[in-house]
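Presented below is the structure to which this report refers.
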Amino acid sequence: GAVVSQHPSRVICKSGTSVKIECRSLDFQATTMFWYRQFPKQSLMLMATSNEGSKATYEQGVEKDKFLINHASLTLSTLTVTSAHPEDSSFYICSARDRGGLSLHFGNGTRLTVT
Amino acid sequence: SQQGEEDPQALSIQEGENATMNCSYKTSINNLQWYRQNSGRGLVHLILIRSNEREKHSGRLRVTLDTSKKSSSLLITASRAADTASYFCATDAFGGTSYGKLTFGQGTILTVHP
């Protein structure tokens with residue numbers, strides 16, 4: 001089955017630094033990837049849609065200059081949290097849709113802790 | 001706007017019992033999907049039901065969809081301790097700028113006691 005690999009699984013960083021999270025589709029090409037944020041015991045909140053070769057589409061209320069998304073190839077999208085603050089601490093999950101598929105394949109998420 | 005309200009928020013049952021979770025949504029959909037999430041992990045796709053389908057089965061899972069009531073249910077039969085997880089419904093909206101984006105419900109936390 002389609003596999004999405006997300007790294008790192010956990011990261012701790014200091015306030016003011018930037019953190020990059022990678023999302024790779026291992027055995028399929030993904031023209032579109034999605035980035036979600038999840039708070040404890042809550043649902044997934046869509047942050048942005050990452051489109052290969054073009055700019056990401058951000059959801060309302062998500063700062064595009066803070067959450068930089070790059071989708072440089074058909075198998076890799078990255079999310080960079082810039083100038084991280086403690087309130088950015090959260091669980092970030094990426095997903096990708098296989099061409100022609102209707103369901104999403106998810107990475108295992110990244111637990112970000114900003115101290 | 002939040003699409004996909006689920007109930008119950010939490011469900012605790014004994015092994016062997018059936019678990020039923022419900023999901024309601026607000027807008028027209030192409031399909032509705034159910035996902036499972038183990039604690040601290042990503043989501044795993046369980047089953048998809050299209051808007052023109054009323055019921056679908058997959059192993060111990062049974063999903064129903066009532067588009068007139070904008071609701072769906074997920075039934076897990078003969079539950080096992082390994083079914084303990086959070087379950088989310090997700091709607092795939094119909095057309096427009098929402099096409100291809102899934103909107104997730106609040107989820108149901110299922111605990112199955114051995």
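Chain A is the first sequence line, chain B the second, and so forth, proteins listed ahead of strands; every chain is numbered from 1.
Within a 6.0 Å radius of NZ in K20(A), other residues, nucleotides and ligands contribute 12 heavy atoms or fewer.
Contact of Q60(A) with chain B is not made at all, since no heavy-atom distance falls under 4.5 Å. Both the backbone and the side chain of L43(B) come within contact range of chain A, each with at least one heavy atom under 4.5 Å from a heavy atom of that chain. When heavy atoms are compared at a cutoff of 4.5 Å, S103(A) approaches chain B by way of both its backbone and its side chain. Heavy atoms closer than 4.5 Å to chain A are found in the side chain of Q37(B), but not in its backbone.
Two residues are said to be in side-chain contact when any heavy atoms from C-beta on lie closer than 4.5 Å; H71(A) and L76(A) fail this criterion. Inter-residue side-chain proximity for I69(A) and T78(A) is flagged as unmet; no heavy-atom pair is nearer than 4.5 Å.
Tracing side-chain contacts under 4.5 Å through hydrophobic residues (I, L, V, M, F, W, Y), one never reaches M45(A) starting from F106(A); they form parts of separate clusters.
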